[in-house]
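Each remark here refers to the structure printed beneath this line.
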Amino acid sequence: MIAAQATTSEAMAHRPERPALDGPHAGIEFYRLLTGCEPAEADIRADADFDRHVLASILAAAVMDGGPVAERAGLSEQEFNDLLAGCFPSATLRAFAWMPKPASGIDDEAIMVRDLLLAQRSTEGDVGYWLAAMVARRAMEPNHLWEDLGLRERPELSRLLMRHFAPLATRNTGNMRWKRFFYRMLCEDDGFVMCTTPVCTQCNEFDLCFGEESGESRMAERRREFLRGGGDHAEIDGRSV
């Protein structure tokens with residue numbers, strides 16, 4: 001009994017503490033805990049590094065939204081844990097059993113987008129599976145998709161889709177906005193026509209489908225606002241931000 005109590009006490013002493021995920025800088029802090037660097041400093045030249053950057057960015061964006069991180073990212077609690085263990089083994093964040101369970105199931109629209117992506121995968125393994133669910137869930141958010149994925153710019157989203165879902169991504173020959181493109185593909189696969197005008201350039205909603213998607217990333221914007229409010233020497237946990 002004494003030995004068992006000692007073992008339990010030792011395990012609790014080494015159990016990772018729940019990280020602070022509050023405040024305007026939570027997304028950047030979470031990304032840094034996962035990767036060891038700032039989002040702006042990520043080296044994504046290698047595909048494996050790019051995948052880790054994308055996964056960390058999506059999780060950081062989910063943290064910024066508040067609520068259950070796994071649900072906001074489109075993953076089950078087990079998938080979330082598997083992702084952390086498989087892609088960020090050196091991070092201090094592990095075993096998220098403390099995360100609150102989502103109150104509802106997966107949105108029907110998110111399921112349709114997820115299944116569309118899964119049917120068009122061009123890579124094997126868990127990363128592509130996780131990304132299909134994560135992209136589909138984040139597509140339900142109101143901003144440009146690359147923004148709600150926490151990415152730094154739209155070309156990162158295009159690279160993600162071309163890498164992991166190439167058969168689908170290559171069909172976007174007109175560089176349509178990715179959310180609109182997903183729904184167009186869903187409609188066409190079901191035999192429906194989403195557009196009332198046969199020629200895109202003659203459509204009154206052309207800008208909704210093909211308009212510019214440039215802008216400042218969510219985490220860069222939060223960083224700028226944080227520094228504006230706290231000065232250039234603002235710090236978190238003793239570290240300059």
>> Would L145 and L157 count as a side chain to side chain contact (heavy atoms under 4.5 Å, CB included) here? Give the steps.
In response: CA-CA 8 Å; L145 181 54; L157 171 57; 3.9 Å; yes

> Does the side chain to side chain contact (heavy atoms under 4.5 Å, CB included) test come out yes or no for H164 and V135, once each step is laid out?
Replying inline: CA-CA 11 Å; H164 290 282; V135 170; over 6 Å; no

> Between R171 and F181, does a side chain to side chain contact (heavy atoms under 4.5 Å, CB included) hold up when you go through it step by step?
Replying inline: CA-CA 9 Å; R171 295 168 67 183; F181 177 73; 3.7 Å; yes

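In summary, D107 and R137 do not engage in a salt bridge, as defined by a charged side-chain N under 4.0 Å from a carboxylate O. Salt-bridge annotation for R72 and D148: absent, with no side-chain N of the basic residue lying under 4.0 Å from a carboxylate O of the acidic one.
When all heavy atoms of L34 and F88 are compared, the closest pair comes out as O-CD2, 3.4 Å. Considering all non-hydrogen atoms of both residues, A73 and A62 come closest at N-CB, 3.9 Å. Considering all non-hydrogen atoms of both residues, G128 and F165 come closest at O-CZ, 3.6 Å. S76 approaches E79 most closely through the heavy-atom pair N-OE1, 2.9 Å.
Side-chain polar atoms of Q78 and D82 form a donor-acceptor pair below 3.5 angstrom. With hydrogens and angles left out, the side-chain atoms of R154 and N175 include a donor and acceptor closer than 3.5 Å. Counting only N and O atoms by type, the side chains of S158 and W146 include no donor and acceptor under 3.5 Å apart.
In this structure, the separation between CD1 on I44 and CG on L160 is 11.0 Å, given to the nearest 0.5 Å. Atom CG of L84 is separated from atom CG of L33 by 11.0 Å, given to the nearest 0.5 angstrom. The line from NE2 of H144 to CG of L151 is 13.0 Å long, rounded to the nearest 0.5 Å. The distance from the CD1 atom of I58 to the CH2 atom of W130 is 12.0 Å, given to the nearest 0.5 Å. The CG atom of N172 sits 4.0 Å away from the CH2 atom of W178 when rounded to the nearest 0.5 Å. Rounding to the nearest 0.5 angstrom, the gap separating the CG atom in L83 from the CG atom in D126 is 9.0 Å.
Applying the ring pair (Phe, Tyr, Trp, His ring centres under 6.0 Å) test to every pair with at least one member in residues 32-60, sequence neighbours left out, gives these pairs: Y31-H53.
A donor-acceptor pair is defined here as one N or O able to donate and one able to accept, closer than 3.5 Å; no such pair exists between the side chain of S57 and the backbone of L149. Between the side chain of R121 and the main chain of T123, a donor-acceptor pair closer than 3.5 Å is present. Of the possible donor and acceptor atoms, one in the side chain of D43 sits under 3.5 Å from a partner among the backbone N and O of R45. No donor-acceptor pair closer than 3.5 Å links the side chain of N143 to the backbone N or O of E147. Here the side chain of R32 pairs no donor or acceptor atom with the backbone of E38 at under 3.5 angstrom.
For the pair P39/I28, a side-chain contact is recorded, criterion being any heavy-atom separation below 4.5 Å from C-beta on. Annotation: side chain of R138 is in contact with side chain of D65 (closest heavy-atom distance under 4.5 Å). Counting heavy atoms from C-beta on, the side chains of R159 and V54 never come closer than 4.5 Å. A heavy-atom distance below 4.5 Å is found between the side chains of L131 and L55.
Under the rule for a salt bridge (Lys or Arg N to Asp or Glu O under 4.0 Å), the partners of E156 that lie at least two apart in sequence or sit in another chain are R152.
Both M134 and M140 sit in one connected hydrophobic cluster of ILVMFWY residues. Membership requires side-chain heavy atoms under 4.5 Å apart, directly or through other members.
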For residues 108-118, which side-chain donor-acceptor pairs fall under 3.5 Å, sequence neighbours excluded?
{"residue": "E109", "atom": "OE1", "partner": "Y183", "partner atom": "OH", "Å": "2.9"}

